[in-house]
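Everything on this sheet refers to the single structure shown next.
Protein chains get the first letters and strands the later ones, always in sequence-line order, with residue 1 at the start of each.
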There are 2 protein chains.
Amino acid sequence: MFEAVKKQSLSEEVFSQLRERIVSQELKAGDELPSERVLCELLKVNRGAVREGMKRLQQAGLVQVRHGGATTVLDFQAEAGPELLANLLLGQDGQVQIAVARDIVRMRQVLSPAIAADAAIRQSSELADKLDALVEQMQHTQETVHLQYLTFEFWERLVDGTGNIAYRLAMNSLRKAYQPVLQLMTFILEKSVQDVSAFQALAGHIRRGETEAAFDCAKTYIDASSEAIYCFLDAYEQGST
Amino acid sequence: MFEAVKKQSLSEEVFSQLRERIVSQELKAGDELPSERVLCELLKVNRGAVREGMKRLQQAGLVQVRHGGATTVLDFQAEAGPELLANLLLGQDGQVQIAVARDIVRMRQVLSPAIAADAAIRQSSELADKLDALVEQMQHTQETVHLQYLTFEFWERLVDGTGNIAYRLAMNSLRKAYQPVLQLMTFILEKSVQDVSAFQALAGHIRRGETEAAFDCAKTYIDASSEAIYCFLDAYEQGST
DNA sequence: CAAATTCAACTGGTATGATCAGTTGACCAG
DNA sequence: CTGGTCAACTGATCATACCAGTTGAATTTG
(Lines give C-alpha, C1' and ligand atoms only; values in the text may rest on other atoms or scores of the structure.)
Protein backbone atom coordinates (compact mmCIF):
# COMPACT_ATOMS: atom_id res chain seq x y z
CA MET A 1 0.00 0.00 0.00
CA PHE A 2 2.57 2.54 1.14
CA GLU A 3 6.07 2.86 -0.13
CA ALA A 4 9.15 4.75 0.91
CA VAL A 5 9.08 8.37 -0.17
CA LYS A 6 11.70 9.22 -2.70
CA LYS A 7 14.51 11.47 -1.64
CA GLN A 8 17.31 12.13 -4.04
CA SER A 9 20.58 13.62 -2.95
CA LEU A 10 22.24 16.30 -5.04
CA SER A 11 24.96 14.00 -6.31
CA GLU A 12 22.33 11.49 -7.38
CA GLU A 13 20.48 14.27 -9.15
CA VAL A 14 23.65 15.29 -10.95
CA PHE A 15 24.29 11.66 -11.85
CA SER A 16 20.85 10.92 -13.20
CA GLN A 17 20.58 14.18 -15.09
CA LEU A 18 23.82 13.56 -16.96
CA ARG A 19 23.05 9.88 -17.37
CA GLU A 20 19.76 10.69 -19.05
CA ARG A 21 21.47 13.04 -21.44
CA ILE A 22 24.01 10.40 -22.31
CA VAL A 23 21.66 7.48 -22.88
CA SER A 24 19.34 9.72 -24.87
CA GLN A 25 22.28 10.54 -27.13
CA GLU A 26 21.82 14.19 -26.33
CA LEU A 27 25.42 13.93 -25.23
CA LYS A 28 27.14 11.76 -27.79
CA ALA A 29 30.17 9.56 -27.37
CA GLY A 30 33.31 11.65 -27.63
CA ASP A 31 31.64 14.85 -26.53
CA GLU A 32 33.37 16.78 -23.81
CA LEU A 33 31.48 17.58 -20.65
CA PRO A 34 31.62 21.13 -19.27
CA SER A 35 34.29 21.47 -16.60
CA GLU A 36 33.33 20.73 -13.02
CA ARG A 37 33.44 24.41 -12.14
CA VAL A 38 31.08 25.24 -14.98
CA LEU A 39 28.72 22.39 -14.11
CA CYS A 40 28.54 23.76 -10.59
CA GLU A 41 27.11 26.98 -11.92
CA LEU A 42 24.81 25.34 -14.44
CA LEU A 43 23.34 22.97 -11.86
CA LYS A 44 23.51 25.45 -9.01
CA VAL A 45 25.23 23.02 -6.67
CA ASN A 46 28.61 22.90 -5.05
CA ARG A 47 31.55 21.20 -6.63
CA GLY A 48 31.60 18.24 -4.28
CA ALA A 49 28.14 17.21 -5.44
CA VAL A 50 29.24 17.45 -9.06
CA ARG A 51 32.35 15.38 -8.41
CA GLU A 52 30.42 12.70 -6.53
CA GLY A 53 28.00 12.47 -9.43
CA MET A 54 30.95 12.19 -11.79
CA LYS A 55 32.39 9.31 -9.82
CA ARG A 56 29.14 7.44 -10.28
CA LEU A 57 29.08 8.16 -14.00
CA GLN A 58 32.64 6.92 -14.15
CA GLN A 59 31.79 3.75 -12.25
CA ALA A 60 28.85 3.17 -14.58
CA GLY A 61 31.20 3.38 -17.55
CA LEU A 62 29.48 6.41 -19.04
CA VAL A 63 32.31 8.93 -18.94
CA GLN A 64 36.07 8.95 -18.93
CA VAL A 65 37.79 11.36 -16.58
CA ARG A 66 41.37 12.48 -17.12
CA HIS A 67 43.23 14.54 -14.57
CA GLY A 68 44.05 17.84 -16.23
CA GLY A 69 42.05 17.12 -19.35
CA ALA A 70 38.41 17.33 -20.19
CA THR A 71 35.91 14.67 -19.13
CA THR A 72 34.58 12.89 -22.21
CA VAL A 73 31.40 10.93 -22.81
CA LEU A 74 31.91 7.24 -23.60
CA ASP A 75 29.88 5.06 -25.93
CA PHE A 76 27.64 3.46 -23.34
CA GLN A 77 26.60 0.71 -25.71
CA ALA A 78 30.22 -0.39 -25.83
CA GLU A 79 31.30 0.41 -22.30
CA ALA A 80 28.43 0.21 -19.84
CA GLY A 81 27.30 -2.89 -17.99
CA PRO A 82 23.85 -4.45 -17.67
CA GLU A 83 23.10 -2.43 -14.56
CA LEU A 84 22.23 0.32 -17.03
CA LEU A 85 19.26 -1.73 -18.22
CA ALA A 86 17.19 -0.50 -15.30
CA ASN A 87 17.64 3.04 -16.54
CA LEU A 88 17.11 2.15 -20.17
CA LEU A 89 13.91 0.20 -19.57
CA LEU A 90 12.22 3.22 -18.07
CA GLY A 91 12.78 6.24 -20.28
CA GLN A 92 12.98 9.82 -19.07
CA ASP A 93 9.23 10.16 -18.76
CA GLY A 94 8.89 6.84 -16.97
CA GLN A 95 7.54 5.22 -20.09
CA VAL A 96 8.51 1.56 -20.59
CA GLN A 97 10.80 1.15 -23.58
CA ILE A 98 9.33 -1.80 -25.45
CA ALA A 99 12.48 -2.69 -27.35
CA VAL A 100 14.52 -2.83 -24.17
CA ALA A 101 11.86 -4.92 -22.46
CA ARG A 102 11.94 -7.40 -25.31
CA ASP A 103 15.72 -7.64 -25.10
CA ILE A 104 15.67 -8.28 -21.39
CA VAL A 105 13.02 -10.96 -21.69
CA ARG A 106 14.97 -12.54 -24.51
CA MET A 107 18.16 -12.72 -22.53
CA ARG A 108 16.35 -14.24 -19.60
CA GLN A 109 14.77 -16.71 -21.98
CA VAL A 110 18.15 -17.77 -23.31
CA LEU A 111 19.83 -18.09 -19.92
CA SER A 112 17.08 -19.86 -18.00
CA PRO A 113 17.28 -23.34 -19.51
CA ALA A 114 21.05 -23.35 -19.11
CA ILE A 115 20.64 -22.27 -15.53
CA ALA A 116 18.25 -25.13 -14.89
CA ALA A 117 20.67 -27.60 -16.45
CA ASP A 118 23.65 -26.24 -14.55
CA ALA A 119 21.69 -26.39 -11.32
CA ALA A 120 20.65 -29.97 -12.06
CA ILE A 121 24.17 -31.15 -12.76
CA ARG A 122 25.16 -30.37 -9.19
CA GLN A 123 22.54 -32.70 -7.74
CA SER A 124 22.36 -30.71 -4.54
CA SER A 125 19.67 -32.04 -2.27
CA GLU A 126 19.86 -28.82 -0.33
CA LEU A 127 18.77 -26.91 -3.41
CA ALA A 128 16.16 -29.52 -4.28
CA ASP A 129 14.68 -29.20 -0.80
CA LYS A 130 14.35 -25.46 -1.16
CA LEU A 131 12.69 -25.85 -4.55
CA ASP A 132 10.30 -28.46 -3.27
CA ALA A 133 9.37 -26.21 -0.39
CA LEU A 134 8.58 -23.43 -2.84
CA VAL A 135 6.50 -25.75 -5.00
CA GLU A 136 4.67 -26.82 -1.87
CA GLN A 137 3.83 -23.20 -1.13
CA MET A 138 2.76 -22.65 -4.74
CA GLN A 139 0.25 -25.44 -4.46
CA HIS A 140 -1.32 -23.88 -1.40
CA THR A 141 -1.90 -20.40 -2.69
CA GLN A 142 -4.51 -18.88 -4.93
CA GLU A 143 -3.26 -15.32 -4.93
CA THR A 144 -1.71 -14.57 -8.29
CA VAL A 145 0.66 -12.00 -6.88
CA HIS A 146 1.96 -14.38 -4.25
CA LEU A 147 2.26 -17.11 -6.84
CA GLN A 148 4.27 -14.79 -9.03
CA TYR A 149 6.51 -13.94 -6.12
CA LEU A 150 7.12 -17.62 -5.50
CA THR A 151 8.00 -18.34 -9.12
CA PHE A 152 10.53 -15.52 -9.16
CA GLU A 153 11.88 -16.85 -5.91
CA PHE A 154 12.11 -20.28 -7.54
CA TRP A 155 14.27 -18.92 -10.33
CA GLU A 156 16.44 -16.98 -7.93
CA ARG A 157 17.17 -20.11 -5.92
CA LEU A 158 17.88 -21.92 -9.15
CA VAL A 159 20.45 -19.31 -10.11
CA ASP A 160 22.04 -19.61 -6.68
CA GLY A 161 22.01 -23.37 -7.13
CA THR A 162 24.25 -23.21 -10.16
CA GLY A 163 26.97 -21.64 -8.06
CA ASN A 164 27.80 -19.63 -11.17
CA ILE A 165 28.67 -16.11 -10.11
CA ALA A 166 28.39 -14.80 -13.67
CA TYR A 167 24.79 -16.01 -13.93
CA ARG A 168 24.10 -14.64 -10.48
CA LEU A 169 25.37 -11.14 -11.19
CA ALA A 170 23.77 -11.01 -14.62
CA MET A 171 20.41 -12.01 -13.22
CA ASN A 172 20.80 -9.39 -10.50
CA SER A 173 20.96 -6.71 -13.17
CA LEU A 174 17.99 -8.15 -15.04
CA ARG A 175 16.00 -8.39 -11.84
CA LYS A 176 16.74 -4.80 -10.87
CA ALA A 177 15.70 -3.75 -14.35
CA TYR A 178 12.26 -5.34 -14.29
CA GLN A 179 11.66 -4.87 -10.57
CA PRO A 180 9.88 -1.51 -11.06
CA VAL A 181 7.44 -2.99 -13.58
CA LEU A 182 6.75 -6.25 -11.78
CA GLN A 183 3.17 -5.37 -11.04
CA LEU A 184 2.56 -4.81 -14.74
CA MET A 185 3.62 -8.37 -15.37
CA THR A 186 1.24 -9.88 -12.89
CA PHE A 187 -1.64 -10.33 -15.28
CA ILE A 188 0.56 -11.07 -18.29
CA LEU A 189 2.05 -14.04 -16.54
CA GLU A 190 -1.19 -15.03 -14.85
CA LYS A 191 -1.56 -18.11 -16.99
CA SER A 192 2.00 -19.40 -17.07
CA VAL A 193 2.53 -18.76 -13.39
CA GLN A 194 -0.39 -20.96 -12.49
CA ASP A 195 1.23 -23.99 -14.08
CA VAL A 196 2.66 -25.29 -10.83
CA SER A 197 3.15 -28.74 -12.31
CA ALA A 198 5.94 -27.37 -14.51
CA PHE A 199 7.84 -26.21 -11.46
CA GLN A 200 7.16 -29.46 -9.72
CA ALA A 201 8.58 -31.40 -12.64
CA LEU A 202 11.56 -29.10 -12.91
CA ALA A 203 12.33 -29.45 -9.23
CA GLY A 204 12.20 -33.21 -9.63
CA HIS A 205 14.60 -33.21 -12.55
CA ILE A 206 17.00 -31.06 -10.58
CA ARG A 207 16.83 -33.30 -7.55
CA ARG A 208 17.60 -36.32 -9.69
CA GLY A 209 20.36 -34.55 -11.61
CA GLU A 210 18.61 -34.96 -14.95
CA THR A 211 20.32 -32.11 -16.72
CA GLU A 212 18.78 -32.54 -20.14
CA ALA A 213 15.29 -33.02 -18.80
CA ALA A 214 15.74 -29.98 -16.59
CA PHE A 215 16.94 -28.00 -19.59
CA ASP A 216 13.97 -29.02 -21.72
CA CYS A 217 11.48 -28.53 -18.95
CA ALA A 218 12.79 -25.06 -18.19
CA LYS A 219 12.91 -24.19 -21.86
CA THR A 220 9.33 -25.22 -22.45
CA TYR A 221 8.15 -23.13 -19.55
CA ILE A 222 10.25 -20.06 -20.19
CA ASP A 223 9.53 -20.09 -23.92
CA ALA A 224 5.82 -20.03 -23.19
CA SER A 225 5.97 -17.25 -20.65
CA SER A 226 8.36 -15.25 -22.80
CA GLU A 227 5.99 -15.61 -25.72
CA ALA A 228 3.20 -14.28 -23.57
CA ILE A 229 5.27 -11.22 -22.77
CA TYR A 230 6.25 -10.70 -26.39
CA CYS A 231 2.60 -10.78 -27.37
CA PHE A 232 1.74 -8.24 -24.74
CA LEU A 233 4.60 -5.98 -25.79
CA ASP A 234 3.55 -6.20 -29.42
CA ALA A 235 0.02 -5.26 -28.49
CA TYR A 236 1.24 -2.47 -26.24
CA GLU A 237 3.36 -1.15 -29.06
CA GLN A 238 0.39 -1.15 -31.43
CA GLY A 239 -1.80 0.52 -28.87
CA SER A 240 0.53 3.41 -28.19
CA THR A 241 1.16 4.28 -31.85
CA MET B 1 55.53 -2.92 -26.04
CA PHE B 2 54.80 0.08 -23.88
CA GLU B 3 51.65 0.62 -21.92
CA ALA B 4 50.14 3.51 -20.02
CA VAL B 5 51.61 3.90 -16.55
CA LYS B 6 49.11 3.24 -13.84
CA LYS B 7 48.05 6.08 -11.65
CA GLN B 8 45.34 5.61 -9.10
CA SER B 9 43.55 8.50 -7.52
CA LEU B 10 42.82 8.52 -3.82
CA SER B 11 39.11 7.93 -4.27
CA GLU B 12 39.86 4.95 -6.49
CA GLU B 13 42.22 3.64 -3.85
CA VAL B 14 39.53 4.00 -1.21
CA PHE B 15 37.06 2.28 -3.51
CA SER B 16 39.25 -0.67 -4.39
CA GLN B 17 40.45 -1.18 -0.84
CA LEU B 18 36.92 -1.43 0.51
CA ARG B 19 35.76 -3.43 -2.50
CA GLU B 20 38.44 -6.04 -1.88
CA ARG B 21 37.43 -6.35 1.74
CA ILE B 22 33.83 -6.82 0.72
CA VAL B 23 34.30 -9.40 -2.01
CA SER B 24 36.74 -11.29 0.20
CA GLN B 25 34.02 -11.49 2.84
CA GLU B 26 36.33 -9.76 5.27
CA LEU B 27 33.47 -7.30 5.48
CA LYS B 28 30.31 -9.38 5.50
CA ALA B 29 26.85 -8.41 4.34
CA GLY B 30 25.11 -6.45 7.06
CA ASP B 31 28.31 -5.19 8.63
CA GLU B 32 28.48 -1.49 9.30
CA LEU B 33 31.31 0.49 7.82
CA PRO B 34 33.20 2.92 10.03
CA SER B 35 31.84 6.43 9.69
CA GLU B 36 33.29 8.63 6.98
CA ARG B 37 35.15 10.71 9.51
CA VAL B 38 36.75 7.62 11.02
CA LEU B 39 37.67 6.24 7.60
CA CYS B 40 39.41 9.54 6.88
CA GLU B 41 41.75 8.94 9.78
CA LEU B 42 42.25 5.24 9.07
CA LEU B 43 43.09 5.85 5.44
CA LYS B 44 44.84 9.16 6.07
CA VAL B 45 42.90 10.96 3.37
CA ASN B 46 40.42 13.77 3.12
CA ARG B 47 36.76 13.17 3.65
CA GLY B 48 35.98 14.14 0.06
CA ALA B 49 38.11 11.27 -1.17
CA VAL B 50 36.31 8.87 1.14
CA ARG B 51 32.92 10.09 0.00
CA GLU B 52 33.83 9.80 -3.66
CA GLY B 53 34.98 6.25 -3.07
CA MET B 54 31.71 5.57 -1.26
CA LYS B 55 29.71 6.83 -4.22
CA ARG B 56 31.46 4.30 -6.40
CA LEU B 57 30.81 1.50 -3.92
CA GLN B 58 27.19 2.56 -3.86
CA GLN B 59 26.96 2.61 -7.64
CA ALA B 60 28.53 -0.84 -7.74
CA GLY B 61 25.82 -2.11 -5.40
CA LEU B 62 28.27 -3.06 -2.67
CA VAL B 63 27.08 -0.79 0.14
CA GLN B 64 23.91 0.94 1.21
CA VAL B 65 24.21 4.51 2.43
CA ARG B 66 21.56 6.08 4.62
CA HIS B 67 21.59 9.73 5.52
CA GLY B 68 21.97 9.94 9.27
CA GLY B 69 22.52 6.22 9.74
CA ALA B 70 25.48 3.95 9.30
CA THR B 71 26.63 2.73 5.90
CA THR B 72 26.10 -1.01 5.65
CA VAL B 73 27.70 -3.66 3.48
CA LEU B 74 25.35 -5.36 1.04
CA ASP B 75 25.40 -8.97 -0.12
CA PHE B 76 27.27 -8.44 -3.37
CA GLN B 77 26.19 -11.83 -4.68
CA ALA B 78 22.60 -10.64 -4.49
CA GLU B 79 23.05 -6.98 -5.34
CA ALA B 80 26.06 -6.36 -7.56
CA GLY B 81 26.08 -6.49 -11.34
CA PRO B 82 28.36 -8.37 -13.73
CA GLU B 83 30.80 -5.47 -13.90
CA LEU B 84 32.11 -6.92 -10.65
CA LEU B 85 33.33 -9.99 -12.53
CA ALA B 86 36.45 -8.13 -13.59
CA ASN B 87 37.38 -7.68 -9.96
CA LEU B 88 36.40 -11.19 -8.98
CA LEU B 89 38.35 -12.86 -11.76
CA LEU B 90 41.59 -11.37 -10.55
CA GLY B 91 41.89 -11.83 -6.81
CA GLN B 92 43.72 -9.50 -4.46
CA ASP B 93 47.13 -10.86 -5.38
CA GLY B 94 46.38 -10.71 -9.10
CA GLN B 95 45.88 -14.48 -9.18
CA VAL B 96 43.26 -15.71 -11.63
CA GLN B 97 40.28 -17.23 -9.81
CA ILE B 98 39.64 -20.46 -11.66
CA ALA B 99 36.05 -20.88 -10.54
CA VAL B 100 35.15 -17.39 -11.70
CA ALA B 101 36.89 -17.96 -15.02
CA ARG B 102 34.87 -21.12 -15.54
CA ASP B 103 31.65 -19.29 -14.79
CA ILE B 104 32.43 -16.51 -17.23
CA VAL B 105 33.34 -18.92 -20.00
CA ARG B 106 30.19 -20.88 -19.31
CA MET B 107 27.96 -17.85 -19.57
CA ARG B 108 29.60 -16.83 -22.79
CA GLN B 109 29.13 -20.38 -24.04
CA VAL B 110 25.42 -20.26 -23.28
CA LEU B 111 24.80 -16.86 -24.80
CA SER B 112 26.84 -17.17 -27.98
CA PRO B 113 24.64 -19.55 -30.00
CA ALA B 114 21.57 -17.49 -29.17
CA ILE B 115 23.42 -14.36 -30.22
CA ALA B 116 24.29 -15.95 -33.53
CA ALA B 117 20.68 -16.98 -34.07
CA ASP B 118 19.31 -13.57 -33.11
CA ALA B 119 21.79 -11.90 -35.43
CA ALA B 120 20.80 -14.24 -38.25
CA ILE B 121 17.10 -13.59 -37.90
CA ARG B 122 17.62 -9.96 -38.81
CA GLN B 123 19.15 -10.79 -42.15
CA SER B 124 21.12 -7.58 -42.20
CA SER B 125 23.39 -7.42 -45.21
CA GLU B 126 25.27 -4.63 -43.50
CA LEU B 127 26.22 -6.98 -40.69
CA ALA B 128 26.98 -9.80 -43.11
CA ASP B 129 29.35 -7.55 -45.03
CA LYS B 130 31.24 -6.68 -41.87
CA LEU B 131 31.53 -10.34 -40.93
CA ASP B 132 32.68 -11.33 -44.39
CA ALA B 133 35.32 -8.62 -44.28
CA LEU B 134 36.57 -9.99 -40.98
CA VAL B 135 36.65 -13.54 -42.36
CA GLU B 136 38.57 -12.20 -45.31
CA GLN B 137 41.15 -10.72 -42.98
CA MET B 138 41.32 -13.95 -41.00
CA GLN B 139 42.20 -15.86 -44.11
CA HIS B 140 45.10 -13.54 -44.84
CA THR B 141 46.84 -13.62 -41.51
CA GLN B 142 49.10 -16.14 -39.84
CA GLU B 143 49.71 -14.31 -36.61
CA THR B 144 47.80 -16.08 -33.85
CA VAL B 145 47.39 -12.93 -31.82
CA HIS B 146 45.92 -11.02 -34.73
CA LEU B 147 43.69 -13.96 -35.56
CA GLN B 148 42.47 -14.01 -31.99
CA TYR B 149 41.77 -10.30 -32.15
CA LEU B 150 39.75 -10.80 -35.31
CA THR B 151 37.67 -13.60 -33.79
CA PHE B 152 36.83 -11.48 -30.78
CA GLU B 153 35.98 -8.66 -33.14
CA PHE B 154 33.75 -11.09 -35.05
CA TRP B 155 31.78 -11.89 -31.91
CA GLU B 156 31.52 -8.25 -30.95
CA ARG B 157 30.02 -7.39 -34.33
CA LEU B 158 27.68 -10.33 -33.94
CA VAL B 159 26.46 -9.00 -30.63
CA ASP B 160 25.94 -5.58 -32.18
CA GLY B 161 24.10 -7.27 -35.01
CA THR B 162 21.44 -8.67 -32.71
CA GLY B 163 20.46 -5.13 -31.74
CA ASN B 164 19.82 -6.58 -28.31
CA ILE B 165 21.01 -4.08 -25.73
CA ALA B 166 20.88 -6.64 -22.94
CA TYR B 167 23.27 -8.95 -24.79
CA ARG B 168 25.43 -5.97 -25.63
CA LEU B 169 25.80 -4.74 -22.07
CA ALA B 170 26.24 -8.23 -20.66
CA MET B 171 28.99 -8.98 -23.11
CA ASN B 172 30.63 -5.67 -22.26
CA SER B 173 31.01 -6.83 -18.69
CA LEU B 174 32.32 -10.23 -19.71
CA ARG B 175 34.78 -8.63 -22.11
CA LYS B 176 36.07 -6.23 -19.48
CA ALA B 177 36.48 -9.17 -17.14
CA TYR B 178 38.66 -11.28 -19.42
CA GLN B 179 40.40 -8.35 -21.09
CA PRO B 180 43.33 -8.41 -18.62
CA VAL B 181 43.97 -12.10 -19.21
CA LEU B 182 43.56 -12.09 -22.97
CA GLN B 183 47.18 -12.85 -23.63
CA LEU B 184 46.92 -15.94 -21.45
CA MET B 185 44.20 -17.22 -23.73
CA THR B 186 46.20 -16.83 -26.89
CA PHE B 187 47.75 -20.27 -26.84
CA ILE B 188 44.73 -21.96 -25.29
CA LEU B 189 42.58 -20.89 -28.18
CA GLU B 190 45.32 -21.35 -30.76
CA LYS B 191 43.61 -24.37 -32.26
CA SER B 192 40.03 -23.25 -32.28
CA VAL B 193 40.88 -19.78 -33.49
CA GLN B 194 42.55 -21.15 -36.58
CA ASP B 195 39.36 -22.75 -37.77
CA VAL B 196 38.47 -19.90 -40.07
CA SER B 197 36.04 -22.08 -41.98
CA ALA B 198 33.73 -22.12 -38.98
CA PHE B 199 33.50 -18.35 -39.05
CA GLN B 200 33.05 -18.38 -42.78
CA ALA B 201 30.16 -20.80 -42.48
CA LEU B 202 28.63 -18.83 -39.64
CA ALA B 203 28.86 -15.59 -41.58
CA GLY B 204 27.11 -17.30 -44.48
CA HIS B 205 24.27 -18.57 -42.31
CA ILE B 206 23.79 -15.11 -40.92
CA ARG B 207 23.75 -13.49 -44.33
CA ARG B 208 21.09 -15.94 -45.47
CA GLY B 209 19.09 -15.62 -42.29
CA GLU B 210 19.42 -19.29 -41.42
CA THR B 211 18.81 -18.94 -37.72
CA GLU B 212 18.95 -22.59 -36.76
CA ALA B 213 22.04 -23.28 -38.79
CA ALA B 214 23.68 -20.20 -37.32
CA PHE B 215 22.76 -21.39 -33.84
CA ASP B 216 24.18 -24.86 -34.42
CA CYS B 217 27.28 -23.58 -36.12
CA ALA B 218 28.00 -21.14 -33.32
CA LYS B 219 27.27 -23.77 -30.72
CA THR B 220 29.65 -26.27 -32.26
CA TYR B 221 32.42 -23.72 -32.35
CA ILE B 222 31.87 -22.17 -28.94
CA ASP B 223 31.44 -25.56 -27.27
CA ALA B 224 34.79 -26.67 -28.63
CA SER B 225 36.67 -23.55 -27.61
CA SER B 226 34.96 -23.49 -24.23
CA GLU B 227 35.98 -27.09 -23.68
CA ALA B 228 39.56 -26.17 -24.47
CA ILE B 229 39.44 -23.48 -21.82
CA TYR B 230 37.83 -25.79 -19.27
CA CYS B 231 40.60 -28.32 -19.86
CA PHE B 232 43.24 -25.68 -19.37
CA LEU B 233 41.58 -24.41 -16.21
CA ASP B 234 41.35 -27.95 -14.82
CA ALA B 235 45.03 -28.50 -15.53
CA TYR B 236 45.91 -25.12 -14.07
CA GLU B 237 43.94 -25.96 -10.96
CA GLN B 238 45.77 -29.24 -10.57
CA GLY B 239 49.11 -27.61 -11.14
CA SER B 240 48.68 -24.97 -8.48
CA THR B 241 47.56 -27.34 -5.73
C1' DC C 1 5.91 1.78 36.17
C1' DA C 2 5.05 2.42 31.07
C1' DA C 3 4.56 5.26 27.22
C1' DA C 4 5.63 9.42 25.12
C1' DT C 5 8.85 13.27 24.60
C1' DT C 6 13.14 15.57 24.46
C1' DC C 7 17.66 16.09 23.29
C1' DA C 8 22.57 15.31 22.75
C1' DA C 9 25.65 12.74 20.00
C1' DC C 10 26.17 10.41 16.46
C1' DT C 11 25.55 9.54 11.14
C1' DG C 12 25.80 11.27 6.18
C1' DG C 13 24.92 15.68 2.99
C1' DT C 14 26.11 20.33 1.39
C1' DA C 15 28.84 24.48 1.11
C1' DT C 16 33.02 27.42 0.49
C1' DG C 17 37.48 28.48 -0.78
C1' DA C 18 42.11 27.46 -1.15
C1' DT C 19 45.81 24.74 -3.08
C1' DC C 20 48.07 20.80 -5.57
C1' DA C 21 48.71 18.51 -10.00
C1' DG C 22 48.26 17.09 -14.77
C1' DT C 23 47.08 18.83 -19.75
C1' DT C 24 46.99 21.82 -23.45
C1' DG C 25 48.39 25.11 -26.69
C1' DA C 26 50.64 29.30 -27.76
C1' DC C 27 54.98 31.19 -27.88
C1' DC C 28 59.85 31.36 -28.19
C1' DA C 29 64.83 29.89 -28.42
C1' DG C 30 67.91 26.78 -30.48
C1' DC D 1 61.60 21.53 -37.17
C1' DT D 2 62.72 20.33 -32.21
C1' DG D 3 62.57 21.29 -27.63
C1' DG D 4 61.59 24.29 -23.59
C1' DT D 5 58.76 27.73 -21.14
C1' DC D 6 54.75 29.38 -19.42
C1' DA D 7 49.99 30.81 -18.74
C1' DA D 8 45.45 29.11 -18.64
C1' DC D 9 42.85 25.72 -18.50
C1' DT D 10 41.38 20.85 -16.50
C1' DG D 11 40.58 17.61 -12.46
C1' DA D 12 42.44 16.12 -7.44
C1' DT D 13 43.06 17.04 -2.77
C1' DC D 14 42.51 19.41 1.39
C1' DA D 15 40.48 21.88 5.59
C1' DT D 16 36.66 23.61 7.89
C1' DA D 17 32.39 24.89 8.52
C1' DC D 18 27.43 23.89 8.92
C1' DC D 19 22.90 21.45 7.51
C1' DA D 20 19.99 17.36 8.03
C1' DG D 21 18.46 12.75 9.26
C1' DT D 22 19.00 8.83 12.86
C1' DT D 23 19.65 6.82 17.13
C1' DG D 24 19.29 5.91 21.81
C1' DA D 25 19.47 7.30 26.38
C1' DA D 26 17.64 10.51 29.62
C1' DT D 27 13.55 12.77 30.88
C1' DT D 28 9.04 13.91 31.20
C1' DT D 29 4.33 12.62 31.28
C1' DG D 30 0.23 9.68 31.83
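For the pair A:R106 and A:D103, the salt-bridge criterion is not met [side-chain N within less than 4.0 Å of a carboxylate O].
Shown here are the ring pair (Phe, Tyr, Trp, His ring centres under 6.0 Å) partners of A:Y149, two or more places apart in sequence or in another chain: there are none.
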Legend entry - From CA spacing to verdict: side-chain hydrogen bond (donor to acceptor under 3.5 Å, both in side chains), B:Q148, B:T186: CA-CA 7 Å; B:Q148 188 190 19; B:T186 306; 3.2 Å; yes

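Residue B:R47 forms a side chain to side chain donor-acceptor pair (under 3.5 Å) with just one option from B:E36, B:E41, B:E52, and that option is B:E36.
One interatomic measurement links the two molecules: CD of A:E41 to P of C:dA15, which rounds to 14 Å at whole-angstrom precision. When rounded to the nearest whole Å, the span between CD of B:E32 and P of D:dT23 equals 9 Å. One atom, CG of B:L33, and another, P of C:dC10, lie 18 Å apart when rounded to the nearest Å.
Close to C:dC10, at under 4.0 Å from its OP1 or OP2, lies no side-chain N or O of B:S35.
For the atom pair CZ of B:R21 and CG of B:L33, the computed distance is 10.0 Å after rounding to the nearest 0.5 Å.
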Between protein and nucleic acid, restricted to nucleotides 12-15 of chain D and to nitrogen or oxygen atoms under 3.5 Å apart, what atom pairs and distances do you find?
{"from": "D:dA12", "atom 1": "OP2", "to": "A:R51", "atom 2": "NH1", "distance (Å)": "2.6"}
{"from": "D:dA12", "atom 1": "OP2", "to": "A:R51", "atom 2": "NH2", "distance (Å)": "3.1"}
{"from": "D:dA12", "atom 1": "N7", "to": "A:R47", "atom 2": "NH2", "distance (Å)": "3.2"}
{"from": "D:dA12", "atom 1": "N6", "to": "A:R47", "atom 2": "NH1", "distance (Å)": "3.1"}
{"from": "D:dT13", "atom 1": "OP1", "to": "B:L10", "atom 2": "N", "distance (Å)": "2.5"}
{"from": "D:dC14", "atom 1": "OP2", "to": "B:N46", "atom 2": "N", "distance (Å)": "3.1"}
{"from": "D:dA15", "atom 1": "N7", "to": "B:N46", "atom 2": "ND2", "distance (Å)": "3.2"}

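Residue B:R157 qualifies as enclosed at atom CZ: its count of foreign heavy atoms under 6.0 Å is above 12.
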